[in-house]
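As structure tokens, the structure follows; a few thoughts come after it.
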Amino acid sequence: MNIFRFAARALRREFRHGELRTLAAALVLAVAALTAVATLGQRVERAIVASAAELIGGDLGVSARREIAPEFSAEAQRLNLQQNRSAEFPSVVFADGKSQLAQVSATDASYPLRGVLRIRGSDGSERDVNAPGPGQAYADGLLINALGLKLGDSLELAGKPLTIAGEILRQPDGGQMFSLAPRLIVALDDAQSSGLLGVGSRARHKLMLAGDAAALAQFQAFAKANLKDGAQLVTVAEAQQNLRTAFERGESFLRLAALLSALLSGIAVALAAQRYARRKIDEVALLRALGLGKHRVLASLSLTVLMLGLPACLTGAGIGLLLQQIVLNYAGNLLPAAAPATSLLPALAAIAVGLAVLVGFALPPLARLRDVPPMRVFQRAVGLRPRRFDLLYLLPPAVAFGLIMTQSGNSTIASALAGSLLGVTAATVCAGLLLIVLLRRLGRSLPGALRFGLANLARRRGLSLIQATALALSFTALLLLAVVGPGLLAAWRADLPPQTPNHFLLNLQTEQRTSVETQLQNLGAKNLNVLPLAVGKLVAINGKAPRAEDYEDRRAAGWINGETRLSWSPALPESNVLKGGAWFDGKATAPQISVEQMWIDMLGLKLGDTLSFTIGDRRIDAQISSIRQVDWTSFRVNFFVLLDPATAAELPHSLIASYWLPAERTVELRSISRQFPNLSMIDINAILDRVRDIIDRVSSAVMAVLGFSLLAGLLVLIAALNVSAEERRFETALLRTLGAKRGQLLSTVLGEFALLGLIAGLIAALGAISAGLSLGRGVFRIAWHPPLLSFAIGVVAAVALVTFAGWLGTRRIARTSPVLVLRKE
Amino acid sequence: MPQSADVILSASDVSKAVAGPDGHLQILDSVSLTVPTGETLAIVGASGSGKTTLLGLLAGLDNPDSGDIVLDGSHLNRLDEEARAALRRRRIGFVFQSFHLLPALTAEENVMLPLELEDSGGDARSAAQQALASVGLEKRLHHYPHQLSGGEQQRVAIARAFVHSPRLLFADEPTGNLDARTGRAVSDLLFDLNQARGTTLILVTHDLNLAQRCRHVVRLDGGRRVDEAA
């Protein structure tokens with residue numbers, strides 16, 4: 001027999017009449033959901049990256065302590081990428097006998113490649129511009145103020161007079177969230193001709209690029225292979241720790257939504273395939289009796305399902321692409337105007353995942369049909385031989401685990417999800433078995449029709465357990481999408497509370513502290529946080545001088561070759577969490593330090609290692625006594641390295657402060673600036689606005705995606721439950737034949753379904769709460785408190801949904817003549 | 001037991017037991033029989049006497065616990081399931097009490113099934129149409145089972161049983177679900193085809209009239225053979 005031809009014929013015939021339609025529908029919905037989520041997710045992600053590129057002034061770059069090697073520029077030119085060269089360095093500027101430290105950006109005319117440089121000109125108008133021309137400069141308002149100048153005046157940089165042509169209002173950040181001093185932008189040629197970039201210069205040179213994604217990827221590969229002497233790649237992801245956290249969280253949310261869609265579809269496919277397999281038992285027995293071997297039975301069934309699966313997946317992908325386009329059209333404001341075009345890759349990946357789901361979840365029940373004895377054609381009582389264990393039973397959990405591992409992109413998400421789903425499965429099976437025992441003992445005391453319905457649960461023990469588990473897993477996924485996801489998103493939005501510090505104050509001297517603090521408080525400053533700041537250099541790790549080339553993490557070069565800012569504090573600072581060791585207790589006789597997790601990972605450190613720093617003329621050999629994790633999104637002053645206060649007491653230092661000030665009072669800082677000209681004041685309102693904007697966009701887009709997954713999940717669940725309701729059609733028809741009233745029929749089926757829904761809903765709520773707590777703590781680092789009322793509503797909704805699906809199935813059967821139903825059986 | 005050239009099926013000392021809720025239950029106990037080629041044999045007995053179990057064993061659908069069955073020269077207990085399936089595919093036809101037509105297939109497609117399984121290379125469709133015409137259902141080719149009466153369904157099943165010209169035909173209560181008149185017509189059809197094609201017919205029945213039309217009758221009682229008449 002030609003198995004392909006046979007399977008194709010079987011599919012053609014059965015699709016007209018059989019339950020394969022349900023399986024196909026589940027698959028179509030699943031792949032549609034996956035495609036929509038993944039494509040939308042990719043577009044959102046690209047839009048976020050594009051938006052972030054505005055912050056770093058380009059898509060990608062190379063930065064180094066010396067001039068960027070010409071081969072990078074040549075490669076960029078070969079790849080047709082736009083280029084911008086710049087150098088950043090601190091320098092003192094002079095005007096009318098006054099001086100002020102400034103952070104200078106010297107750049108060529110192409111600046112900025114991405115984002116906008118907005119200035120206020122001498123005529124008071126605001127406009128977006130490129131880099132200043134020769135002899136001109138754009139300066140931070142604080143710098144202009146500190147020097148007592150106005151627009152159009154001159155200042156002097158390394159002896160070169162420059163006219164202040166504009167006040168900087170908004171500027172792509174260039175990869176550094178906070179500079180130590182007010183900013184000054186000048187032409188690259190001016191900086192070069194004034195000798196500021198010569199030998200011994202402290203400048204950091206940068207080559208920023210923008211252009212086609214494929215060309216950028218090629219350049220990135222080239223640059224990685226050719227970076228030397230401490231040169232680093234400047235990428236969106238590496239640029240800013242707190243924005244990076246925002247992107248990672250957004251991505252984790254999207255991956256979570258897509259993953260849950262895939263798992264939901266797996267459950268639906270498993271239920272549909274099980275129903276299909278049960279229906280096929282008699283047919284398989286006949287085919288076996290007529291001489292079809294067991295392997296061919298399996299091959300024919302698998303081929304039939306695969307032939308159905310591929311077009312269903314393709315259809316699903318098409319619908320998914322259409323749906324995400326509709327979502328984008330209706331929610332276009334979620335994304336920047338130039339949302340990147342759709343790529344087909346997520347759709348192809350969704351098709352692959354759909355097929356994996358089909359094979360993983362549909363194969364086990366179908367494969368069991370191999371064991372249908374041909375003797376069943378004579379004796380219907382001869383069923384499948386029970387097996388204590390079948391390796392195939394491991395396939396659905398293995399595929400689910402594989403999906404979780406590959407789609408989550410994060411081991412903490414994977415373990416939180418896998419752990420809670422496993423817990424839900426175990427709890428449902430235990431609760432189900434307990435219930436069956438109880439029903440057997442107490443069932444007799446229940447009223448008639450309800451007794452019959454609940455007795456069905458106990459009688460079909462295996463099926464009831466499978467169904468309860470499938471329902472509990474589905475509801476867990478749905479509750480994660482409906483309650484936990486939005487809850488975490490809301491907590492994330494609240495993560496940047498209204499009075500997040502929006503100003504930094506540098507170079508404050510100890511004797512100025514009281515006066516400045518008082519004046520700031522008088523202006524209405526809140527959340528004032530002052531910490532000491534000493535600048536040192538890392539000179540040894542465990543007694544050995546570190547070399548940048550020994551570390552895989554390219555960020556290490558910056559700290560090994562450059563300066564390290566250190567601070568100290570008697571208590572663990574706010575927004576820091578101790579991950580290992582113990583906080584300074586003041587009893588240690590030798591110097592100790594507390595190191596942030598990123599440094600630990602980057603430099604391969606552990607508790608007890610010794611780091612040596614030179615600070616001024618002192619050398620400190622300090623042992624790592626604790627490891628901290630900093631919440632960089634807090635926008636407070638934070639440090640990678642904190643010294644124990646006893647060791648730090650005599651170190652030369654200044655103070656650094658962060659605080660929140662109402663925007664309208666910013667202008668009043670000028671009086672403090674005039675009184676203490678040594679102070680550097682940084683206003684990060686613009687950056688905070690951008691971060692808030694990005695969080696808002698990402699979380700709105702994620703909400704849309706979560707909503708879509710939820711809708712698709714509900715549809716899949718209703719379809720699956722509808723199928724399982726048909727399991728009861730024979731009993732329902734029999735009761736109808738025996739004269740059961742419609743109400744009795746309903747209480748039979750609804751009692752059974754309501755109990756199933758209640759067990760599944762309760763266990764799912766507990767599972768979703770535990771997954772939510774682990775996701776909040778481990779992945780999103782958000783304090784999330786389970787909204788118990790929402791979960792209670794979720795449980796009630798679960799009962800209502802399952803009962804409604806049961807009613808849908810029964811209603812159809814009750815309207816059909818019982819004779820027809822029985823005859824069809 | 002060697003099988004002579006004109007014996008198509010023989011069983012010697014065939015026994016079968018199953019585990020029941022009350023312990024070991026002997027279904028068949030040392031049953032022996034021989035069936036000459038082209039003959040007709042009825043297996044009769046009360047409900048639970050082991051008739052259907054014996055039919056299943058003779059057709060190679062299950063293995064006896066002990067004893068030997070030789071079907072058309074092949075010792076069934078020496079064949080694995082795949083080989084027994086191949087034997088059934090090529091040499092055996094079945095007619096069942098409850099018809100066992102595939103509900104998703106039309107009458108014509110149901111009859112094509114054995115030819116498709118065998119993949120004999122011929123024109124399965126026209127062979128099926130001829131077979132249906134030979135049972136008087138040439139106008140019901142595209143009807144689905146639920147659109148046919150019980151008698152018509154059983155005639156489709158007979159057409160399916162004969163379409164690949166099997167050497168043996170096993171029938172389990174072929175008239176059991178039909179009224180007397182339709183049952184008579186169906187049994188006429190079975191015997192006519194048996195005569196016309198020389199197919200050996202082995203059937204299980206409660207119907208003594210049907211049993212009496214067979215040349216051989218095996219009577220079972222409590223799993224033991226109690227009588228044989230020619």
Side-chain angles (χ1 to χ4, degrees), chain A residues 1-21 276 279-300 304 370-383 385-386 816-817 819-825, chain B residues 16 18 27 51-57 59-63 80-106 109-110 112-121 124 144-146 150 157 160-161 163-164 166 170-173 204:
Chain A
M1 185 181 76
N2 184 324
I3 289 287
F4 277 97
R5 208 167 56 198
F6 185 75
R9 280 185 192 157
L11 176 62
R12 183 168 49 80
R13 291 160 183 162
E14 289 178 8
F15 196 72
R16 289 199 301 253
H17 298 272
E19 300 89 357
L20 283 180
R21 278 186 193 183
Y276 175 65
R279 278 287 177 112
K280 294 288 276 189
I281 290 179
D282 285 336
E283 182 181 328
V284 168
L286 176 72
L287 290 171
R288 295 284 314 275
L290 294 181
L292 191 65
K294 58 164 71 174
H295 299 302
R296 291 186 149 210
V297 165
L298 182 60
S300 142
T304 307
R370 278 177 316 182
D371 299 332
V372 171
M375 191 63 185
R376 189 181 156 93
V377 289
F378 288 140
Q379 293 166 325
R380 283 206 79 192
V382 179
R385 289 178 210 111
T816 321
S817 158
V819 175
L820 282 178
V821 177
L822 289 174
R823 201 171 151 186
K824 276 174 99 177
E825 287 291 318
Chain B
K16 180 79 179 176
V18 293
I27 308 282
K51 303 184 299 288
T52 302
T53 302
L54 179 61
L55 192 73
L57 293 176
L61 296 176
D62 200 2
N63 272 327
D80 63 11
E81 172 49 32
E82 288 300 305
R84 288 207 306 273
L87 193 73
R88 291 197 296 270
R89 200 159 63 228
R90 291 172 193 139
R91 303 189 200 171
I92 296 177
F94 287 99
V95 174
F96 308 97
Q97 180 178 3
S98 51
F99 322 134
H100 279 315
L101 298 179
L102 297 187
L105 306 191
T106 61
E109 288 165 345
N110 264 292
M112 285 165 66
L113 198 58
L115 297 170
E116 287 179 349
L117 292 178
E118 179 59 24
D119 205 16
S120 49
Y144 287 93
H146 71 271
R160 180 179 68 188
V163 73
H164 60 309
F170 290 90
D172 178 33
E173 301 279 11
V204 159

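Because only heavy atoms are used, hydrogens play no part in the values below, and waters and symmetry mates are left out as well, while side chains stay in. Throughout, protein chains are lettered first and strands after them, A, B, ... in sequence-line order, and every chain is numbered starting at 1. These numbers were taken from a predicted model, which means no experiment stands behind them.
For the residue pair B:D62 and A:M375, the shortest heavy atom distance occurs at CB-SD, 4.2 Å. A:V377 and B:H100 get closest at one heavy-atom pair: O-NE2, 2.9 Å. Heavy-atom minimum distance, B:R160 versus A:L286: NH1-CD2, 3.3 Å. For A:E283 against B:L102, the heavy-atom pair with the smallest separation is CG-CD2, 3.2 Å.
Here B:E82 contributes atom CD and A:H295 contributes atom NE2; the two are 5.0 Å apart, rounded to the nearest 0.5 Å. Between the CG atom in B:L61 and the CZ atom in A:F378 there is a gap of 5.5 Å [rounded to 0.5 Å]. The CZ atom of A:R296 sits 6.0 Å away from the CZ atom of B:R89 when rounded to the nearest 0.5 Å.
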Practice prompt. Using the side chain to side chain contact (heavy atoms under 4.5 Å, CB included) rule, take B:L113 and A:L287 through it: C-alpha gap first, then chi angles, then the decisive distance, then the call.
Written response: CA-CA 9 Å; B:L113 198 58; A:L287 290 171; 3.7 Å; yes

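With hydrogens and angles disregarded, no donor-acceptor distance shorter than 3.5 Å links the side chain of B:R88 to the backbone of A:L290.
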